[in-house]
Engineer: 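Quick one: the structure is below, and I'll ask about it shortly.
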Amino acid sequence: MTKSLSDTTGASAPQRFMRDPIAARRVAAPLRLLVGAAPNPTGDERDRLGRALMERDEAGDALVRAIREDHIVSMPMFRQALEHGIDSIPDPPDPLREFFGELARTPDWVDEAKLAHGARVLRRVGMDASLVLGYGSLLGGYNNSGPLPVLMASGKLTGEQTLRRVSETSVWWRAVTAPGGLERFGEGWKLTVHVRAMHAFLNYQHEHDPAWHSDVRGLPINQFDQAGTLGLFSTTFLIHTRVLGLRYTRADADAAMHLWCYVGWLMGVDEHWLPFTEAAGRRMIYHIGTASPAADANSLALAKSLIESPKLIHHKNFQRIRRTYDYERGLSLATTLLGPAGVRALRVPMRPPWYPVWRAAANTVKHRVIARLPGGQRWVDARAERQLDDAHRRLLGGERPPIGQITHSG
């Protein structure tokens, strides 16, 4: 459930909305080719986009106010309800009961079989998953400078902090795509709700900071930016992995989109912004991209930190050679996935598409030839799991970082 501040205060869309139309359209140009006829937003769509910048997760906000202002809910209560269920707490406070009660009312559109199918499809990507999420979704998201002040609030991220953030994202992604991960007591379900609460705390903290100007930036964590992030994990991920030679049937793609719609719903994204089809997702992410403010100094700092992070990864053998290879691989991927305008806006060095070409060839053989042989799909899936494990071990030495510590001082 969301509530628009413009409905109650008469406020217009914040100044960041469609602030840099030329630069934004230049970066989003490759996606326009996939949107189809009449790609630009209608008047109603444009108004809805502007309002989304002033919409928050109301259920999450009510929980935070119960903790921060009313002091009737404690963090130990929240953690117990998250881990063991609301019924494990005798006479739980109403705000806590309502928060978890809303999550328990799973929407009628959720299909358990499609969730399982979508998880298998996504994990089948294997080693390319973390690369696409890093150099396509995460790096590409920095071209929208709107939400970055919240990320940068504690200071510029160092290379080590960037690796930790990538590792946190990897842990969460693996949890939501694991078998049974999105069941009520699955790790993916619990981590997603944990992140939702963390977002609500961050929004409350910044929204009540006199230095934060919502008329300029919108709400710190809002439906516009959350929908955009969801699109990077769903729509953009499918587009980018196809570039690397992955094959999806229509049922595969629909199942992957379905999984991310449920994750988005758990995260507090309004159902209006859940793209149930790839076509809807492409249109939505294009509209969000063209309405977003262009890259700024925060974008450049974060992009530089991400691009140079491979230089910090420890390798047992041939460390200098492997770090150089990983660095150049990242540049090749970024140039191909984001396009020349996307990497230029972030001042990322351009490279020829040598790595995407190699991966496209390898994936074509693996997914379109080997997978069709007797027992081939099982081999492909098992190999993908090993690759996911190997990729995780390379990040922070396989350490499992905590996902977004929640603080509520003040």
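In this text, all values refer to a predicted model and were calculated from it rather than measured experimentally. Numbers here simply count residues along the sequence, with the first being 1.
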Engineer: If we only count heavy atoms from C-beta on, is the F99 to V193 side-chain gap below 4.5 Å?
Structural biologist: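 Touching, per the 4.5 Å side-chain cut-off.
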Engineer: For D70, give me all partners under salt bridge (Lys or Arg N to Asp or Glu O under 4.0 Å), at least two apart in sequence or on another chain.
Structural biologist: none
Engineer: Taking D61 first and then R68, would you say they form a salt bridge - that is, a charged N and a carboxylate O separated by under 4.0 Å?
Structural biologist: no
Engineer: Any non-hydrogen side-chain atom of N144 less than 4.5 Å from a side-chain atom of P293?
Structural biologist: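 The answer is yes; the side chains approach within 4.5 Å.
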Engineer: Has Q223 got a side-chain atom pairing as donor or acceptor with W273's backbone, closer than 3.5 angstrom?
Structural biologist: no
Engineer: Checking V380 now: which residues fulfil side-chain contact (heavy atoms from CB on, under 4.5 Å) with it, not counting sequence neighbours?
Structural biologist: R124, K366, H367, I370, A371, Q377
Engineer: Evaluate side-chain contact (heavy atoms from CB on, under 4.5 Å) for L274 paired with W260, printing each intermediate quantity in order.
Structural biologist: CA-CA 8 Å; L274 301 181; W260 285 113; over 6 Å; no
Engineer: My understanding is that only one of R48, H272, Q226 makes a side chain to side chain donor-acceptor pair (under 3.5 Å) with E55; could you say which?
Structural biologist: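 For E55, the side chain to side chain donor-acceptor pair (under 3.5 Å) test succeeds with only one of R48, H272, Q226, which is R48.
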Engineer: Should the ring pair H258 and F276 be called parallel, tilted or perpendicular, given that the plane angle runs from 0 to 90° and is split at 30 and 60?
Structural biologist: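 Rings of H258 and F276: tilted, as their planes differ by 30° to 60°.
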Engineer: Heavy-atom count check: over 12 atoms from other residues, nucleotides or ligands less than 6.0 Å from R242 CZ?
Structural biologist: yes
Engineer: Hey, are the side chains of R174 and R123 touching, using non-hydrogen atoms and a 4.5 Å cut-off?
Structural biologist: yes
Engineer: Under the side chain to side chain donor-acceptor pair (under 3.5 Å) rule, what do T241 and Y248 come out as? Steps first, then yes or no, please.
Structural biologist: CA-CA 10 Å; T241 49; Y248 303 109; 2.7 Å; yes
Engineer: Keeping the roles fixed (side chain from S332, backbone from Y355), state whether a donor-acceptor pair exists under 3.5 Å.
Structural biologist: yes
Engineer: Salt bridge between E278 and R282, side-chain N to carboxylate O under 4.0 Å?
Structural biologist: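 Salt bridge flag = yes for R282 with E278.
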Engineer: When rounded to the nearest 0.5 angstrom, what is the spacing between OG1 in T192 and CG in L103?
Structural biologist: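 Between T192 OG1 and L103 CG, I get 10.5 Å after rounding to 0.5 Å.
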Engineer: Is it true that a side-chain atom of S299 and a backbone atom of D296 form a donor plus acceptor pair closer than 3.5 Å?
Structural biologist: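 Answer holds: yes.
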Engineer: Determine yes or no for a side-chain-to-main-chain donor-acceptor pair under 3.5 angstrom, with H287 supplying the side chain and P39 the backbone.
Structural biologist: yes
Engineer: Is a side-chain N or O of R16 found less than 3.5 angstrom from the main chain of A291, in a donor-acceptor match?
Structural biologist: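 Not at all, since once roles are kept as given, no pair shorter than 3.5 Å links the two residues.
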Engineer: Quickly, which of V125, L388, L122 forms a side chain to side chain contact (heavy atoms under 4.5 Å, CB included) with T177? Name it, please.
Structural biologist: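 Among V125, L388, L122, the one meeting side chain to side chain contact (heavy atoms under 4.5 Å, CB included) with T177 is L122.
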Engineer: Which value, rounded to the nearest 0.5 Å, describes the distance between I72 atom CD1 and R65 atom CZ?
Structural biologist: 10.5 Å
Engineer: Quick one: side chains of residues 24-36, donor-acceptor pairs under 3.5 Å with protein atoms, not counting sequence neighbours, listed by atom name and distance.
Structural biologist:
none

Engineer: Considering only heavy atoms from C-beta outward, does the side chain of F17 approach that of R46 to under 4.5 Å?
Structural biologist: yes
Engineer: Does any part of the side chain of L151, heavy atoms only, come nearer than 4.5 Å to the side chain of R165, both counted from C-beta?
Structural biologist: yes
Engineer: Taking atom CG of L53 and atom CG of L219, what is their separation to the nearest 0.5 Å?
Structural biologist: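 Reported value, rounded in 0.5 Å steps: 8.5 Å.
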Engineer: Which side-chain hydrogen bond (donor to acceptor under 3.5 Å, both in side chains) pairs, counting each pair once, include a residue from residues 109-122, with sequence neighbours left out?
Structural biologist: W109-E271, H117-D252
Engineer: Got a second to check how far Y135's OH is from L337's CG, nearest 0.5 Å?
Structural biologist: 11.0 Å
Engineer: Find the distance between CZ (R217) and CE (M54) and round it off to the nearest 0.5 Å.
Structural biologist: 13.0 Å
Engineer: Is a donor on one side and an acceptor on the other found under 3.5 Å between the side chain of T335 and the backbone of M350?
Structural biologist: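 Not at all, since once roles are kept as given, no pair shorter than 3.5 Å links the two residues.
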Engineer: Side chains of E207 and Y204, heavy atoms from C-beta outward: is any pair under 4.5 Å?
Structural biologist: no
Engineer: If you look only at distance, which donor and acceptor atoms sit under 3.5 Å apart when one is on a side chain in residues 357-364 and the other is two or more places apart or in another chain?
Structural biologist:
unit_1, atom_1, unit_2, atom_2, d
R359, NE, D128, OD1, 3.0
R359, NH2, D128, OD2, 3.0
R359, NH2, N363, OD1, 3.3
N363, ND2, D128, OD2, 3.0
N363, ND2, L244, O, 2.7
N363, ND2, R359, O, 3.2
T364, OG1, A360, O, 2.6

Engineer: Does a salt bridge link E83 with R79, judged by any charged N lying under 4.0 Å from a carboxylate O?
Structural biologist: no
Engineer: Hey, does the side chain of R283 reach the backbone of N40 with a donor-acceptor pair shorter than 3.5 angstrom?
Structural biologist: yes
Engineer: Taking side chain as C-beta onward, heavy atoms only, is R56 less than 4.5 Å from E58?
Structural biologist: yes
Engineer: Please list all pairs passing the salt bridge (Lys or Arg N to Asp or Glu O under 4.0 Å) test where one or both residues lie in residues 319-334, with sequence neighbours left out.
Structural biologist: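 For residues 319-334, and leaving out neighbouring residues, the salt bridge (Lys or Arg N to Asp or Glu O under 4.0 Å) pairs sorted by first residue read D326-R329, E328-R351.
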Engineer: To the nearest 0.5 angstrom, please state how far the OG1 atom of T235 sits from the CG atom of L230.
Structural biologist: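 T235 atom OG1 to L230 atom CG measures 7.5 Å (nearest 0.5 Å).
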Engineer: Between Y325 and W354, is the ring centroid distance below 6.0 Å?
Structural biologist: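 Yes, ring centres under 6.0 Å apart.
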Engineer: Within the 4.5 Å heavy-atom criterion, are V176 and L191 side-chain neighbours or not?
Structural biologist: no
Engineer: With distance as the sole test, does W212 use its side chain to make a donor-acceptor pair with the main-chain N or O of G218 at under 3.5 Å?
Structural biologist: yes
